[in-house]
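Order of appearance sets the numbers: ligands from 1, and atoms from 1 within every ligand. Side chains are part of it too, since the values below use all heavy atoms of this structure and drop only hydrogens, waters and symmetry mates.
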Amino acid sequence: MTSRSTELFAHAQKRIPGGVNSPVRAFRNVGGEAFFVARGEGARIWDVDENEYIDYVGSWGPAILGHAPEVVVDAVRDAATRGLSFGIPNPLEVEMAELICNWMPSIEKVRMVNSGTEATMSCIRLARAFTGRDKILKFDGCYHGHADTLLVKAGSGALTHGRPSSAGVPSAFADLTISLPFNNAELLRRAFQENKNEIAAVIVEPIPANAGLYFPRENFLSILREECTGNNALLIFDEVITGFRVARGGAQEVYRVKPDLTSLGKIIGGGLPVGAFGGRAEIMDQLSPDGPVYQAGTLSGNPIAMAAGLAQLRELERIDGWKLLDKSGAQLEALARDAIKNANIDITFHRLGSMFCLFFAAAPIVDLASAQRSDLKMFASFFHVCLKRGVYFAPSQFETGFISAAHTAGDIEQTGAIVREALAKL
Ligand code: KE4
């Protein structure tokens with residue numbers, strides 16, 4: 001009997017490219033067919049054939065409280081009764097701006113947008129205008145959304161589908177983007193010397209999470225800061241994933257490095273389409289209508305999305321979510337490491353707070369090249385065995401797993417047992 005997911009996927013492929021509205025959902029890295037989700041509640045999701053999964057994708061980061069958290073649903077329902085969108089300033093935008101600036105002191109002014117891509121794209125335009133320079137420096141495997149300038153050696157879906165530098169991006173654009181191996185301070189210094197006074201900004205995921213999850217060497221981010229300052233280039237932290245996840249003040253609080261601009265997304269929308277970018281007032285004031293840099297959006301600061309994001313962020317603070325998430329992360333790590341010890345396979349487990357990744361490769365994994373040593377076939381088998389047993393991990397080796405505040409110790413215990421079983425079967 002054909003499953004409902006299979007029927008839907010067949011129909012979707014007739015009307016939607018690849019049958020999906022975002023490539024990573026297509027299971028191409030792991031094979032098989034994407035399932036269609038019917039609903040989610042807390043740490044669990046159900047597909048249209050009523051199969052139940054413990055969810056470690058969490059909408060790729062936004063569902064930090066789990067699915068359909070009561071506080072967020074109530075806030076959305078309440079705001080919706082007063083109208084869905086106006087294109088007129090509303091009080092919730094000011095509350096959101098105030099919260100972001102208080103939680104991330106490097107942000108003196110912030111503007112709301114509708115996706116992480118819009119946030120990073122706007123940071124790049126702003127940096128180019130503020131410095132009067134054109135070149136941008138990024139790192140191989142880091143993914144900053146799908147703006148032309150940033151689809152050069154990009155991570156996430158671009159990497160998963162083997163096209164880190166996308167077709168359709170004019171070489172004139174791509175030539176303005178320098179991409180280096182992450183964690184290589186020597187090459188960074190050399191790039192600044194070879195492109196004297198030409199680099200407008202360095203954009204970085206302070207904790208790269210789009211080629212699997214790995215970490216900056218102890219002083220790499222401070223070297224980035226020093227090199228940018230010394231060369232009058234701006235430092236942009238892309239905290240679309242890490243913002244308000246790894247700490248209340250994001251990765252910049254964890255590593256105590258102050259960027260000039262920060263891009264945000266995912267969690268701040270509570271599941272609705274929201275991005276934001278902000279930083280030093282003297283830079284942000286270059287934006288229209290005060291300054292010469294144009295940037296706009298019909299739905300930016302939309303009251304429903306603001307209500308959802310504010311409810312999620314305030315709840316996260318109320319329950320001290322970061323402590324709770326780290327405790328759950330530590331429990332999963334202990335179980336995973338135990339399972340790995342029992343399986344005689346090269347696996348490197350990385351975790352920070354509620355973000356984690358199992359690389360099917362030996363350590364050390366410090367950049368894209370080392371992440372690409374992973375055995376993708378083995379990852380795919382692991383993914384499908386876990387899926388069959390009711391655990392949904394990201395359908396790509398080049399993504400990161402997310403634990404939510406809704407995952408109970410029981411859920412994680414169950415997950416640990418399934419991981420152990422899956423590794424033993426490889
Ligand atoms: P969006 O445009 O997808 O909202 O955000 C782009 C983006 C920017 N910066 C970072 C660090 C990101 O991780 C992302 C988007 N993340 C991917 C998953 N790793 C989104 C999933 C998808 O593309 O469907």
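- At least one N/O-N/O distance between Lys266 and ligand 1 falls below 3.5 Å.
- Atoms of ligand 1 lying under 4.0 Å from any heavy atom of Gly145, numbered from 1 in the order shown and given with element: 6 (C), 7 (C), 8 (C).
- Between Phe35 and Tyr392, the ring center distance clears the sub-6.0 Å criterion.
- Within ligand 1, counting atoms from 1 as listed, the ones closer than 4.0 Å to a heavy atom of Ser22 are 22 (C), 23 (O), 24 (O).
- For Phe9 and Phe27, the distance between ring centers is not under 6.0 angstrom.
- Residue Glu205 approaches ligand 1 through these ligand atoms, each under 4.0 Å from one of its heavy atoms: 11 (C).
- Side-chain N/O atoms of Gln331 and Ser328 include no donor and acceptor closer than 3.5 Å.
- Residue contact check: Val24 has heavy atoms under 4.0 Å from atoms 21 (C), 22 (C), 23 (O), 24 (O) of ligand 1.
- Here's the thing with Glu399: one of its N/O atoms is less than 3.5 angstrom from an N/O atom of ligand 1.
- Tyr56 and Thr415 share a side-chain donor-acceptor pair at under 3.5 Å.
- Exactly one residue among Phe182, Tyr255, Phe215 makes a ring pair (Phe, Tyr, Trp, His ring centres under 6.0 Å) with Phe220. That residue is Phe182.
- Contact atoms of ligand 1 toward Ser115: 2 (O), 4 (O) (distance under 4.0 Å to a heavy atom of the residue).
- Heavy-atom contacts of Ile241 reach the following atoms of ligand 1: 13 (O) (cutoff under 4.0 Å).
- Where the criterion is an N or O separation shorter than 3.5 Å, residue side chain and backbone included, Thr120 fails it with respect to ligand 1.
- A donor atom on one side chain and an acceptor atom on the other are found under 3.5 Å apart for Arg111 and Gln295.
- With 3.5 Å as the limit, one finds no donor-acceptor pair spanning the side chains of Ser5 and Glu33.
- The single protein non-hydrogen atom nearest to atom 19 (N) of ligand 1 is Asn210 OD1, 2.5 Å, given as residue, atom name and distance.
- With respect to the salt-bridge test (charged N to carboxylate O, under 4.0 angstrom), the residues Asp285 and Arg280 do not qualify.
- Nearest protein heavy-atom contact of atom 10 (C) of ligand 1 is Tyr143 O, 3.3 Å.
- Atom numbering of ligand 1 starts at 1 in the shown order; those under 4.0 Å from a heavy atom of Ser156 are 17 (C), 18 (C), 19 (N).
- Taking 4.0 Å as the cut-off between side-chain N and carboxylate O, Glu317 and Arg248 count as a salt-bridged pair.
- Closest to atom 4 (O) of ligand 1 among all protein heavy atoms lies Gly116 N, 2.9 Å.
- By the 3.5 Å distance cut-off applied to N or O atoms, Thr117 is counted among the residues near ligand 1.
- Note that atom 2 (O) of ligand 1 has protein non-hydrogen atoms nearby, at separations under 4.0 angstrom.
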